[in-house]
Amino acid sequence: MKLSSKAREAIAGYIFAAPIIISILLFTIYPVFAGLYYSFTNYQPTEAQKFKMRFIPEEAMMFHTAVFPDEEDVSYEEIANFFNPVDFVLYDVGVNLNDKQIEAIRKYLDSERLIKDFLAGKLKEEMTVSKFMEKYMKAESNLFKRYIPDFLGLSNFKKMIKDQYFWISLKNAFVYSVIVVPVQTLLAILLAVAANMKIRGRGFFKAVFFIPSISSSAAISMIFWLIYSKPGVLNRLLGYFGMQPIDWLNNPNTALGAIMVLNIWTTAGYFMVTFLAGLQGIPGTIYEAAEIDGAKFWRRFWKITFPLLRPQILFVSIMGIIGCMQVFDQIYFLIKNMRNITISYYIYKNAFEYHNMGYASAIAMVLFLIILLITTLQRKFIKEEAYF
């Protein structure tokens with residue numbers, strides 16, 4: 001069948017777009033749905049590979065029985081009298097089990113065959129846990145094929161209600177966003193206006209303002225650690241005015257504010273570029289007419305520049321809130337107390353320090369819904385208008 005030129009063009013387009021489509025499916029869409037599923041379970045990342053773990057059964061049996069298979073005068077009955085299959089798998093093989101798996105081992109593990117193979121020296125070969133259970137379980141060996149977390153329903157979400165650190169981290173994220181977003185937006189507008197003026201060296205100033213936004217977050221965090229530390233630059237400057245040194249990052253009353261200043265400094269230059277593009281799209285004739293009418297700089301700014309940048313302000317405020325609600329790297333590098341953590345950092349701690357990925361996924365889903373709600377309300381009440 002001969003395809004039309006339109007169909008051939010569509011197929012070619014999808015072929016060229018296939019790499020990015022596949023990447024989005026694998027690294028964006030799939031993680032979202034996986035996180036949603038895990039939020040209703042007790043998924044633990046350290047458990048995910050437990051049935052693929054390799055071990056030597058003979059060594060595990062030796063630990064459990066304190067018997068060497070080549071010892072003389074050791075009978076099957078002597079070992080069988082104290083052999084505990086559940087303890088053997090839990091503590092000597094080293095596999096965590098749920099209640100269903102424990103009951104299956106208690107009922108179906110072929111202890112007689114296992115002990116006889118041990119005494120006959122047949123357990124020297126290394127194998128995976130799943131292969132071992134398949135060999136020695138009389139039934140229900142499918143329970144040990146792959147890790148399946150227990151379904152908990154809404155338990156993770158109910159747990160949040162009583163979790164004080166969840167509420168502390170959520171409050172900190174809101175406070176962070178409420179302060180940082182307006183300040184960085186206004187500062188970005190002012191920087192853009194300054195960079196848009198016809199003055200000598202404006203290319204240099206544009207680069208200086210923008211450099212922090214493309215610099216390594218880790219490097220910038222370390223620089224600010226040197227500034228904020230007790231013997232650091234900031235305290236030395238304040239010392240000239242007779243002020244006592246402050247431990248800015250370890251004091252819960254100052255740590256979050258210090259990070260806000262850091263974030264505003266690093267992001268204002270990035271959003272400056274957005275506003276600079278908007279400024280260059282405003283016709284110069286409007287400013288000329290305002291000057292003829294006698295409008296001063298600040299009046300022109302508030303009555304012309306600011307209103308006509310509304311589409312850019314909406315974009316920057318949405319992106320700023322999304323970024324602030326998810327702030328992680330500066331908190332990870334610089335904050336050492338739990339009173340100043342943000343919700344993204346608390347998700348990280350639950351997932352990778354407490355190894356409770358299910359609860360972390362539930363918090364991530366709540367954060368996703370909060371950001372979605374805020375963004376929807378912003379778009380509803382702050383209309384994006386085109387003037388030209």
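In this structure, S229 and N235 approach most closely via the heavy-atom pair O-ND2, 3.3 Å. Scanning all heavy atoms of the two residues, the minimum distance from D247 to T254 falls at O-OG1, 3.9 Å. Across all their heavy atoms, G35 and M365 have their closest contact at C-CE, 4.1 Å. Nearest approach of I220 to P212, heavy atoms of both residues: CD1-O, 3.3 Å. Contact between G278 and L309 at its shortest, heavy atoms only, is C-CD2, 3.8 Å. The two residues N337 and A255 come nearest to each other via the heavy atoms ND2-CB, 4.4 Å.
When ring centroids are compared, F88 and F83 come within the 6.0 Å threshold. Taking the six-membered ring for Trp and the full ring otherwise, Y91 and F63 have centroids separated by 6.0 Å or more. Within the 6.0 Å centre-distance limit, the rings of F40 and F157 are counted as a close aromatic pair. Between F271 and F275, the ring center distance fails the sub-6.0 Å criterion.
Between the side chains of T128 and S130, at least one donor N or O sits under 3.5 Å from an acceptor N or O. Of the N and O atoms on the side chains of Y176 and N263, at least one donor lies less than 3.5 Å from an acceptor on the other residue. Looking only at atom types and distance, the side chain of S141 has no donor-acceptor partner in the side chain of Y136 under 3.5 Å away. Side-chain atoms of N96 and E47 form a donor-acceptor pair, as typed in the model, at a separation below 3.5 Å. Looking at T267 and Q184, their side chains do bring a donor and an acceptor atom within 3.5 Å of each other. Using modelled atom types, one finds no donor on one side chain facing an acceptor on the other under 3.5 Å when comparing Y43 with N356.
Between Y346 and I168 there is no side-chain heavy-atom pair separated by less than 4.5 Å. Contact of the M133 side chain with the I105 side chain is registered, since non-hydrogen atoms from C-beta on lie closer than 4.5 Å. Contact annotation: the side chain of E134 never approaches that of F144 to less than 4.5 Å [non-hydrogen atoms, C-beta and beyond]. By the 4.5 Å heavy-atom criterion applied to side chains, M338 and K349 are counted as neighbours. A heavy-atom distance below 4.5 Å is not found between the side chains of V181 and V316.
V366 and L372 fall into different hydrophobic clusters, defined by Ile, Leu, Val, Met, Phe, Trp and Tyr side-chain heavy atoms under 4.5 Å apart, directly or through other members.
In this structure, K50 is not positioned above the aromatic face of Y147 in the sense of NZ or CZ being under 6.0 Å from the six-membered ring centre and within 45° of the axis. Cation-pi geometry between K145 and F51 is not satisfied (NZ or CZ under 6.0 Å from the ring centre, within 45° of the ring normal).
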>> Please determine whether ring-ring contact (aromatic ring centres under 6.0 Å, His included) holds for the pair F333 and F224, giving the CA-CA distance in whole Å, both sets of side-chain angles, and the decisive distance to 0.1 Å.
In response: CA-CA 10 Å; F333 285 118; F224 271 78; over 10 Å; no
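Looking only at distances, no side-chain donor or acceptor of Q330 sits under 3.5 Å from a matching main-chain atom of L262. For N81 (side chain) and E77 (main-chain N/O), a donor-acceptor pair under 3.5 Å exists by modelled atom type.
Ring geometry for F132 versus F55: interplanar angle over 60°, hence perpendicular rather than tilted (30 to 60°).
Results of the side-chain contact (heavy atoms from CB on, under 4.5 Å) test with D117 over E58, K122, M61 single out K122 as the only residue that passes.
Between E103 and K100 there is no salt bridge, since none of the side-chain N atoms of the basic residue sits less than 4.0 Å from a carboxylate O of the acidic one.
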